[in-house]
Amino acid sequence: MKILAIDTSCDETAAAITEERKVLSNVIYSQILLHQKWGGVVPSIAKRAHEERIDFVINKAIKQFKINAIAVTQGPGLAVALEVGIKKAKELTKKLKVKLITVNHIEGHLYSPFVQNKKGNPKIDFQFPYLGLVVSGGHTELVIFKDHLNYEVIGSTLDDAAGEALDKAGKLLGLGYPAGPVIEKLSLQVKNQDLYKFPRPMINSKDFNFSFSGLKTAFYYFLKKIPENKITKNLNYLASSFQNAVFDTLMKKTEKAIKYTGIKKVIVVGGVSANMDLRKRFRSLLKKINGEVLFPSYKYLSGDNAAMIGVVAYYKAKKNLYVENFDLIDRIPRMKL
Ligand code: KG4
Ligand code: ZN
């Protein structure tokens, strides 16, 4: 069964053709260049770019494939962006006389380590339960991934997401958008040292929730106190110390969740999971406790893409979870797992 999957949840117009867990084709048209000069995603610009590009992206993904079903991200995400994908998915479902499956975007990220290339790699199989950490520009969540399509969220951010915190700090440092990858490079220049020891909000709280806005505020006032030329000179130390504060928090909370749940199989997904320092930290933590950590196997799978949406849709199709009434399907910007 071949699925055409569509994701327009934020600033990438994405389409893929998947078959079970395999990605047969994948197209991502990033809007980063359009949003860059505004320092973040501008909804009206995102909407228009999705509208202008969606046919091109879908046609490029479809090639000669014969489609049996269509999958689309219903939420969470930017309302005006989600709408574009959903409208197109409904239109194509009617035209091609196939079935429609809606998918939660976070669910897609959770499945991303299991997404395979054409040759069926990676070969890893599901061994539930997993403890999932979703870290992206929009989300920071700790989830027990119990079985297919079965999740329990045990912690989330009370304010900014981890990627969002990195992006905001980067903006204050004049690093452009998105700042995560730039902060990673700057940090490497100083071997990821933690010179300034910025605060780690809620690191010792008893729950599994996160908070990054206090760190951002502390960082803002810290920068205000020091002269411009000192900021420029110490850009790498500042970036590295900020990254340390964010990652320490992620590690500590995940470690706490491992102890609480007893689950030693961890999956780390979402845009921030592309970061090599974060991956190293998780590998060493799980090695120490004889556990296992999985990440998305290919770089494009850590960011937003439609392949992961198609793979979730396959498991929904196996359970006959198709959309029955088209008219009831609308975007859900704050969709929960
Ligand atoms: O998953 P994603 O592409 O989009 C959302 O669903 O939000 O995540 C984007 C986020 C941005 O905040 C970006 O700065 C961050 O992921 N990011 C990184 C890296 N690459 C992307 N953060 C740290 N290190 C990276 N290498
Ligand atoms: Zn995402």
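All residue numbers refer to positions in the sequence shown, counting from 1. In each ligand, atom 1 is the first atom listed, and ligand 1 is the first ligand listed.
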* Asked: Run the ring-ring contact (aromatic ring centres under 6.0 Å, His included) check on F126 and F114 step by step: do they pass?
  -> CA-CA 8 Å; F126 292 92; F114 304 97; 4.1 Å; yes
* **Close approach, S9 and ligand 1, non-hydrogen under 4.0 angstrom** => no
* Nearest to atom 26 (N) of ligand 1, what protein heavy atom do you find, and at what distance? -> E184 OE1, 2.7 Å
* Which protein N, O or S atoms does the Zn ion (ligand 2) have within a distance shorter than 2.8 Å? -> H105 NE2, H109 NE2, D304 OD1
* Asked: Is G138 in contact with ligand 1, taking contact as a heavy-atom separation below 4.0 Å?
  -> yes
* Asked: Considering residues, nucleotides and ligands other than K87, do more than 12 of their heavy atoms fall under 6.0 Å from its NZ?
  -> no
* With a cut-off of 4.0 Å, which atoms of ligand 1 are near a heavy atom of L166? -> 22 (N), 23 (C)
* Where does S302 meet ligand 1, judged by heavy-atom distances below 4.0 Å: at the side chain, the backbone, both, or neither? -> backbone
* To do: Please report the C-alpha distance between K280 and N192 in whole Å, then the side-chain angles of each, then the deciding distance to 0.1 Å, and finally whether the side chain to side chain donor-acceptor pair (under 3.5 Å) criterion is met.
  => CA-CA 12 Å; K280 206 168 105 195; N192 299 311; over 6 Å; no
* Asked: Within 45° of the axis and under 6.0 Å from the centre of the six-membered ring of Y29, does NZ or CZ of R53 qualify?
  -> yes
* Structure fact -> among protein heavy atoms, the one nearest atom 24 (N) of ligand 1 is N275 ND2, 3.1 Å
* Asked: Relative to ligand 1, is H109 under 4.0 angstrom through side chain, backbone, both or neither, heavy atoms considered?
  -> side chain
* To do: Counting heavy atoms only, name the option from G180, P76, G271 that's nearest to atom 20 (N) of ligand 1.
  => G271
* Asked: In terms of atom number and element, which parts of ligand 1 are under 4.0 angstrom from non-hydrogen atoms of G163?
  -> 12 (O)
* Of all pairs that satisfy side-chain hydrogen bond (donor to acceptor under 3.5 Å, both in side chains), the ones with a partner from residues 316-337, not counting sequence neighbours -> E83-R331
* ring-ring contact (aromatic ring centres under 6.0 Å, His included) between Y111 and F145, intermediate numbers included -> CA-CA 10 Å; Y111 272 81; F145 189 1; 5.1 Å; yes
* Heavy atoms from other residues, nucleotides or ligands near NZ of K171 exceed 12 (cutoff 6.0 Å) -> no
* To do: Would you check whether M276 reaches within less than 4.0 Å of ligand 1, judged by its heavy atoms?
  => no
* First locate atom CD of E107, then atom CE of M308, and finally report the distance between them rounded to the nearest 0.5 Å. => 10.5 Å
* To do: List the steps, then state whether side chain to side chain contact (heavy atoms under 4.5 Å, CB included) holds for K118 with S25.
  => CA-CA 8 Å; K118 260 182 256 184; S25 79; over 6 Å; no
* Taking the six-membered ring for Trp, are F128 and Y130 parallel (under 30°), tilted (30 to 60°) or perpendicular (over 60°)? -> perpendicular
* Structure fact -> The option among N305, D167, D304 carrying the non-hydrogen atom nearest to atom 11 (C) of ligand 1 is D167
* To do: Number the atoms of ligand 1 from 1 as they appear, then name those within less than 4.0 Å of a heavy atom of P178, with their elements.
  => 13 (C), 14 (O)
* Which heavy atom of the protein is the closest neighbour of atom 9 (C) of ligand 1, given with residue, atom name and distance? -> G137 N, 3.6 Å
* Could you please spell out the steps behind the salt bridge (Lys or Arg N to Asp or Glu O under 4.0 Å) verdict for K146 and E152? => CA-CA 8 Å; K146 296 179 173 173; E152 184 188 343; 3.0 Å; yes
* Could you go step by step and tell me if R48 and E51 meet the salt bridge (Lys or Arg N to Asp or Glu O under 4.0 Å) rule? -> CA-CA 5 Å; R48 215 174 86 196; E51 283 169 347; over 6 Å; no
* Is the distance between the ring centroids of Y260 and F208 under 6.0 Å? -> yes
* Numbered atoms of ligand 1 (with element) below 4.0 Å of H105, judged on heavy atoms -> 6 (O)
